[in-house]
Every structure is written in structure tokens, then in C-alpha cells.
Protein chains: 2
Amino acid sequence: MTEEQRRLIEAKTLVIKALAHPTRLYIVEELAHGEKCVCEFVDAVKADFSTVSKHLLVLKNAGLVTDEKRGQQVFYRLRMCCVPNFIECIGNLLPLPEKS
Amino acid sequence: MTEEQRRLIEAKTLVIKALAHPTRLYIVEELAHGEKCVCEFVDAVKADFSTVSKHLLVLKNAGLVTDEKRGQQVFYRLRMCCVPNFIECIGNLLPLPEKS
DNA sequence: TAAATATTTGGCTAAAATGCCAAATACGGT
DNA sequence: ACCGTATTTGGCATTTTAGCCAAATATTTA
């Protein structure tokens, strides 16, 4: 594996890492239906305002979403639009809950 | 968000978490071209045999790959075939490396 | 059955991710 | 300028993840 390949893989990993959290995955799924502001997520997710804000920052740094400030609110929208499709595919292939 | 929705999201998150590591992402990309055995990855990834084995276990538990023992080797193959497509899409939308 | 190869498992330390609180910042209205 | 709402940032304690080594297991060959 070359150095160049390694860099590319690590860049992609950053994006996937950003998705790899229930709250963030939920946020992305919501954004698939259109932009939302931070406070709308705080209501749905039961977490601190600052926690939600940090999750959104992770998504933004990964390039998954973009943000736009309008008035005192910040609106987020999905940038990587292939994600919802992928999430749905995963849902269809989910391993069956193991019988214990 | 209902309890049912939460369970579903967490199940999907497990799959994505499994992808969220450079070595594991690399393995999945390789498996897109056909099955491979553990030792083949050990050569390519510079990590301990046991480390690679554990990464493969994570992928298997997530339902991303399946394994089959033949002789003294274990061959892994990709189960969630929508993944390579998604990885490619991410590659195309990667945020540009920030100019510092 | 002993030796060699391929792989997994247990355990332990180091590193990274999470989430809360408190404080800072930004903006609009009074 | 002051207050209230929306959001971000800093800091810290807790949890999770990673990766190595050593040991265990499995299978083929001598």
C-alpha cells in the first residue's frame, strides 16, 4: 500500500467515522428531508445543546453537511447526498438479531 | 424518536462503526475484488496477525463480511455489496485538503 | 504423534471518542 | 447598552476502541 493510497483511505475513514454515531446518523437521516437548525435536533435527540452542536461540527468537518447562519439560528443541510441511499441499503442487509 | 427507531439506528450504526477504521475500510475495498484470506491482509497492512484477525471479526459481527474455512486458511468475502459503491462516492466528494 | 502453519482469543496498556457543565460568543429586540 | 435566545467552545471525567504480546486452537504434513 503506497503512501498516497494510505492518505486517501484515511480521508475516507474520517467521513465514515463521522457517520459512526447514533445521534449523528440520525441527524443525517433527518437532513435527507431538508435543512434543519440545531435546536430542532436538540428536541428530538435527548442530549445537551452543546453535545448536539459538537456532533454537527464533526459532520461539518467531515464534509458531510454544510451550515448557514440566518438570524440567530444556524441551519444545516446535507452535502454528501449519497449517504441516505447507503443507509437504507444497510438497513435492508442488517444481520438478524441473534437468538440468545 | 420512538424506541423502535432508536434500535434501528443503533443497529445501522454498528455496521458503520465497523467500517470506520482505515485498516477495515482497506480490507473491505480489497474484498470488493474477491475473497481473500487473513494472511493476505497481514502482508498488505503493517499490523500484527492478531490485530488483523480482530478487525475481520468486527466486520463479520457487523454482517459486512462472511468467512469460510478451507484447509488451514479462513477466507473472507464481502456480504454488503453496496459498500464499495458508497466508498467511491465519498471519495468523489471528499473535502479538499485545507491549505494551511 | 510431533512439528509447522494459519488463525483466534485473552489480557493489558495507551489512545481516542463521548457528553456534560460552565463560560464565551453572536444576534435580535427593547 | 441590556436582555434573551441560539449556538459554540473549553475543560474534564468516563467510556470505548486499538494494538501488541503471549497463549490457545485447528489443520496439514512429516
Side-chain angles (χ1 to χ4, degrees), chain A residues 1 6 9-28 30-31 34-78 98, chain B residues 1 6 9-28 30-31 34-78 98:
Chain A
M1 181 157 47
R6 183 181 304 278
I9 289 217
E10 271 166 16
K12 293 182 200 166
T13 301
L14 281 185
V15 177
I16 297 180
K17 260 196 171 89
L19 282 175
H21 187 286
T23 298
R24 294 196 294 264
L25 194 62
Y26 171 79
I27 288 175
V28 166
E30 287 299 301
L31 291 182
E35 66 171 21
K36 287 221 160 109
C37 74
V38 189
C39 59
E40 291 179 89
F41 294 122
V42 176
D43 293 337
V45 182
K46 74 168 187 188
D48 198 80
F49 212 126
S50 69
T51 300
V52 174
S53 178
K54 280 181 181 173
H55 280 311
L56 283 162
L57 180 62
V58 171
L59 291 173
K60 190 171 85 166
N61 286 340
L64 277 158
V65 305
T66 59
D67 64 340
E68 183 187 351
K69 184 159 200 171
R70 291 207 296 276
Q72 47 194 131
Q73 296 176 306
V74 178
F75 289 87
Y76 285 82
R77 73 180 56 171
L78 191 58
E98 43 187 300
Chain B
M1 182 160 45
R6 181 180 305 276
I9 289 217
E10 272 167 13
K12 292 181 200 166
T13 301
L14 281 185
V15 177
I16 296 179
K17 261 199 172 90
L19 283 175
H21 186 285
T23 299
R24 294 196 295 263
L25 194 62
Y26 171 78
I27 288 176
V28 166
E30 287 300 302
L31 291 182
E35 67 173 19
K36 284 223 162 106
C37 73
V38 189
C39 58
E40 290 180 271
F41 293 123
V42 175
D43 293 337
V45 182
K46 73 167 187 191
D48 197 80
F49 212 127
S50 69
T51 300
V52 174
S53 179
K54 278 180 182 172
H55 280 311
L56 284 162
L57 181 62
V58 171
L59 292 173
K60 191 171 87 167
N61 285 340
L64 276 158
V65 305
T66 59
D67 64 340
E68 181 188 351
K69 183 160 201 170
R70 292 206 296 276
Q72 47 194 137
Q73 296 175 306
V74 179
F75 289 87
Y76 284 82
R77 72 179 57 170
L78 192 58
E98 42 188 300

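Lettering of chains follows the sequences in order, A, B, ..., and the numbering in each one begins at 1.
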Between [N] ([atom2]) and [X] ([atom1]): distance, integer Å:
| X | N | atom1 | atom2 | value |
| --- | --- | --- | --- | --- |
| B/F49 | C/dT9 | CZ | P | 13 Å |
| A/I27 | D/dT7 | CD1 | C1' | 14 Å |
| B/F75 | C/dT8 | CZ | P | 12 Å |
| B/I16 | C/dA17 | CD1 | C1' | 17 Å |
| B/L56 | C/dT8 | CG | C1' | 11 Å |
| B/Q73 | C/dA4 | CD | P | 19 Å |

In chain order, what residues pass the side chain to side chain contact (heavy atoms under 4.5 Å, CB included) check against B/A47, with sequence neighbours excluded?
-> B/V45, B/T51, B/V52
Separation of [Y] [atom2] from [X] [atom1] (nearest 0.5 Å):
| X | Y | atom1 | atom2 | result |
| --- | --- | --- | --- | --- |
| B/Y76 | B/L57 | OH | CG | 7.0 Å |
| A/N61 | A/L56 | CG | CG | 11.0 Å |
| A/M1 | A/R6 | CE | CZ | 4.5 Å |
| A/L25 | A/L59 | CG | CG | 9.5 Å |
| A/T66 | A/E35 | OG1 | CD | 9.0 Å |

Of the residues in residues 37-44 of chain B, which ones touch DNA chain D at a heavy-atom distance under 4.0 Å?
-> none
Pairing residues for B/S50 by the side chain to side chain donor-acceptor pair (under 3.5 Å) criterion, not counting sequence neighbours | B/D48
Go along nucleotides 25-30 of chain D 5' to 3' and tag each nucleotide: B for a protein heavy atom under 4.0 Å from its base, S when only backbone or sugar atoms are that close, - otherwise.
-> -SBS--
If a protein heavy atom is under 4.0 Å from the base, mark B; if only from the sugar-phosphate, S; if neither, -; do that for nucleotides 15-21 of chain D going 5' to 3'.
-> --SSSBB
Identify the heavy atoms of B/L31 and B/K36 that sit nearest to each other, and give their distance.
-> CD2-N, 3.7 Å
Residues pairing under salt bridge (charged side-chain N to carboxylate O under 4.0 Å, His left out) where one sits in residues 49-69 of chain B, two or more places apart or in two chains, turn out to be B/K60-B/D67, B/E68-B/R70, B/E68-B/R77
Could you tell me how the ring of B/Y26 sits relative to the ring of B/F41: parallel (under 30°), tilted (30 to 60°) or perpendicular (over 60°)?
-> perpendicular
Taking five pairs at each end of the helix from C/dT1-D/dA30 to C/dT30-D/dA1, what angle separates the two helix axes (nearest 10°)?
-> 20°
Would you be so kind as to tabulate the donor-acceptor pairs closer than 3.5 Å made by side chains of residues 9-20 of chain B, with sequence neighbours excluded?
{"residue": "B/K12", "atom": "NZ", "partner": "A/E29", "partner atom": "OE2", "Å": "2.9"}
{"residue": "B/T13", "atom": "OG1", "partner": "B/I9", "partner atom": "O", "Å": "2.7"}

Under 4.0 Å: is that the gap between some side-chain N or O of B/Y76 and OP1 or OP2 of C/dT8?
-> yes
Residues 37-46 of chain B vs side chain to side chain donor-acceptor pair (under 3.5 Å), sequence neighbours excluded, gives none
